[in-house]
Amino acid sequence: MHDAQNKSLGQWVNNQRALHKKNTLSSSRIQQLNSIGFAWDPLEHAWKNKFDQLCAFKAENGHCNVSQHDTQNKSLGKWVNTQRVAYKKNALSSN
């Protein structure tokens, strides 16, 4: 039952994002979703979370050279590598 609930919620969330993108979601619903920190763009939200993790890593370590082999920061290391590859391919968004 838990999986069915999550699937249903996921479908509802995707529907809210689609309605918002089409400008057909009411302003009151947009305000309600904004009030709980709803992520309109999940990819952008995930990117910002990793960026925040990188900032914390730099504050603690003084650099951004996160190893993909560091068991404590493996996910962050992979993300940093992905950003570097995208940068080299000139595919990293400037905003």
* Donor-acceptor pair, side chain of Asp70 and main chain of Gln72, under 3.5 angstrom -> yes
* Hey, what do you get for CG (Leu19) to CG (Leu33), rounding to the nearest 0.5 Å? -> 10.5 Å
* Excluding sequence neighbours, so at least two apart, what forms side-chain hydrogen bond (donor to acceptor under 3.5 Å, both in side chains) with Ser75? -> Lys50
* **Residue list, side chain to side chain contact (heavy atoms under 4.5 Å, CB included) with Ala46, at least two apart or on another chain** => none
* Structure fact -> residues 21-42 vs ring-ring contact (aromatic ring centres under 6.0 Å, His included), sequence neighbours excluded, gives His20-Trp40, Phe38-Trp40
* Work out which heavy atom in Leu25 is nearest to a heavy atom in Gln16; give both atom names and the distance. => CD1-OE1, 3.4 Å
* **Euclidean distance, Leu9 CG relative to Asn14 CG, rounded to 0.5 Å** => 9.5 Å
* Is Leu54 close to Cys64 at the side-chain level, that is, under 4.5 Å between some pair of heavy atoms? -> yes
* Hey, any chance Leu43 and Val13 share a hydrophobic cluster, counting ILVMFWY side chains that come within less than 4.5 Å of each other, even indirectly? -> no
* **Spacing of CD belonging to Gln31 relative to CG belonging to Asn34, to within rounding of 0.5 Å** => 8.0 Å
* To do: Quick one: list whatever passes side chain to side chain contact (heavy atoms under 4.5 Å, CB included) with Gln32, sequence neighbours left out.
  => Arg29
* Asked: What's the shortest heavy-atom distance between Lys74 and Gln68, and which atoms?
  -> CG-O, 3.2 Å
* To do: Supply the atom-to-atom distance Asn49 CG to His45 NE2, rounded to the nearest 0.5 angstrom.
  => 4.5 Å
* **Approximate separation, where rounding is to 0.5 Å, of Asp41 CG and Lys21 NZ** => 8.0 Å
* Under the side-chain hydrogen bond (donor to acceptor under 3.5 Å, both in side chains) test, residues paired with Ser26 that sit two or more places apart -> Ser28
* Asked: Quick one: ring-ring contact (aromatic ring centres under 6.0 Å, His included) pairs with a partner in residues 69-92, sequence neighbours left out?
  -> Trp47-Trp79
